[in-house]
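Throughout, a chain's letter reflects where its sequence line sits, starting with A, and its residues are numbered from 1. Note that these values count all heavy atoms, side chains included, but never hydrogens, waters or copies made by symmetry.
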Number of protein chains: 2
Amino acid sequence: MRMNKDNQVLNDVDAIPSLVQSKRQIDRYNLDIDAQAILVASRLMAAGAKLGHASEIHFSRFGLSTGRYRLLADLEDNEGEELPSQLAEHLGVTRATVTGLIDILERDGLVSRRSSSVDGRQRSVVLTEEGAKKLREMAPEHFARLEAMVGLLNIEERSLFLDLLGRVTQGISALTDESVEVKENFSNE
Amino acid sequence: MRMNKDNQVLNDVDAIPSLVQSKRQIDRYNLDIDAQAILVASRLMAAGAKLGHASEIHFSRFGLSTGRYRLLADLEDNEGEELPSQLAEHLGVTRATVTGLIDILERDGLVSRRSSSVDGRQRSVVLTEEGAKKLREMAPEHFARLEAMVGLLNIEERSLFLDLLGRVTQGISALTDESVEVKENFSNE
DNA sequence: CAAAAGTAGTTAGGTGCCATACTATGCGTA
DNA sequence: TACGCATAGTATGGCACCTAACTACTTTTG
């Protein structure tokens, strides 16, 4: 249990969904659904939200956000210069979002914009010396924390987890696909 | 590969981080860090972000957001009436966020606010008939999609995944803890 | 070669969530 | 009983990301 200045409860466990909770929801509508499957989905959602939040806290220690760090890291991975559209594709966000990220990074002096001589529409993004320094400085702590995060898993378990996570990630499209196979509902009303 | 109306690329694979990418980042600073650990962390982050986004698309089909659905479901799980502070604790969000969620749900007629006679400060939230109907209507599709999401895992794998995910979730605190054990950096500069 | 179509980046406006600070009400203690 | 303090809910302002629409430039094409 952790409190903020207003003594508001920020339950670190974040109300982990339980199996009985899932069962109760399914039973309420007499659905032929595996409660454990729902539990897995709920837990993953909770974990994802928690990780996203923790990630923002982590990067804010360095004056960055998750998105801005990822942009810097991707720049570093590409000789320090990239087009906004490339960045958007690498990060999996829209070009509009990249524009916003660059705005702040440029304001803070970590990247700079440069007009292209080849194509007048393009304005490439360059990692400044200060930006490279920022990455250099945060690397030890950043990676140490990431490693610590999975420290409760041994080598074999990490491989296993990657495999399972990969398949669940594929399954995420079931949420966004146009249609879905809905089983019969044996309602007793 | 999916495009929106502006023909903007929304890569569904979301640029999955690779092992060589992780290795490169670590080697750049001569850190004594397990690349696979970093890969697990990166993949989980990517998965979490993707799931969060997919979740919003899923619930938007019913005119809800992830947060608003969770609030309705929690209300249903508590005889249709709860205090905002209870909701905040159950959902793992702040009371301020709950206020915002209720505002919209009330505007849409899915919940209503009721003043307490016991404590003048309290204003309990009640699930309306329309709100209950909404939950009833979306349940079959909602749960079918969630089940489909983990459909690529069999029963044993689901248990295993829950176990591993649980431990990684515990480890997330490594990102937010005050201090972290940083290993020596054998730089060759 | 000019008009039409496409592309790169940006702007504008919206959603979801948060932290902080505020108001109103209740309560403990002297 | 009256002061201070705690608590419940809310308003405000912020950030990250989105979609849609716009500007400026380039390529295609009749």
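- Looking at residues two or more places apart in sequence or on another chain, you find a side-chain contact (heavy atoms from CB on, under 4.5 Å) between B:S173 and B:T176, B:D177.
- No donor-acceptor pair under 3.5 Å is formed between the side chain of A:D163 and the backbone N or O of A:S159.
- Of the residues listed (A:L105, A:I104, A:V98), the one engaging A:I102 in a side-chain contact (heavy atoms from CB on, under 4.5 Å) is A:V98, and it is the only one.
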**OP:** Go through the steps for A:F62 and A:E137 under the test side-chain contact (heavy atoms from CB on, under 4.5 Å), then give the verdict.
**Re:** CA-CA 9 Å; A:F62 307 100; A:E137 284 173 355; over 6 Å; no

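- The minimum heavy-atom distance linking A:A148 with B:A174 is given by the pair CB-CB, 3.7 Å.
- Closest approach of A:A37 to B:R158, counting heavy atoms only: CB-NH1, 3.5 Å.
- The distance between atom CG of A:D103 and atom P of C:dT11, rounded to the nearest whole Å, is 6 Å.
- In this structure A:T99 satisfies the side chain to side chain donor-acceptor pair (under 3.5 Å) test with no other residue, sequence neighbours excluded.
- For A:P84, counting side-chain heavy atoms from C-beta on, the closest listed nucleotide (D:dC17, C:dG9, C:dC17) is C:dG9.
- Between the NZ atom of B:K50 and the C1' atom of D:dC17 there is a distance of 17 Å, given to the nearest Å.
- Summarising the geometry, the separation between CG on B:L83 and P on D:dT10 is reported as 11 Å, rounded to the nearest angstrom.
- Residue A:D119 has its side chain nearest to D:dT26 when only D:dA8, C:dG9, D:dT26 are considered.
- The interatomic distance linking B:L71 (CG) with C:dG16 (P) rounds to 13 Å, in whole Å.
- Comparing B:R113 and A:R121 against DNA chain D, the residue whose closest nucleotide sits nearer the 5' end is B:R113.
- To the nearest angstrom, C1' of D:dC17 lies 20 Å from OH of A:Y69.
- D:dA8 atom C1' lies 15 Å from atom CD of B:E82, rounded to whole Å.
- In the region residues 73-81 of chain B, proximity to DNA chain C at under 4.0 angstrom, judged on heavy atoms, holds for none of the residues.
- Note on residues 110-138 of chain A: no pairs pass ring pair (Phe, Tyr, Trp, His ring centres under 6.0 Å), not counting sequence neighbours.
- Atom pair A:R95:CZ and C:dG6:C1' shows a separation of 11 Å (rounding to whole Å applied).
- Listed pair B:S85 / D:dT7 fails the phosphate criterion, with no side-chain N or O lying under 4.0 Å from OP1 or OP2.
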With 3.5 Å as the limit, what N/O pairs link the protein to nucleotides 12-16 of chain D?
unit_1, atom_1, unit_2, atom_2, d
D:dA16, OP1, A:S65, OG, 3.0
D:dA16, OP1, A:R68, NH1, 2.7
D:dA16, OP2, A:R68, NH1, 3.3

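- Identified under the ring pair (Phe, Tyr, Trp, His ring centres under 6.0 Å) test for residues 93-120 of chain A, with sequence neighbours left out: none.
- Look at CD1 on B:I102: it is 9 Å from C1' on D:dG9, rounded to the nearest Å.
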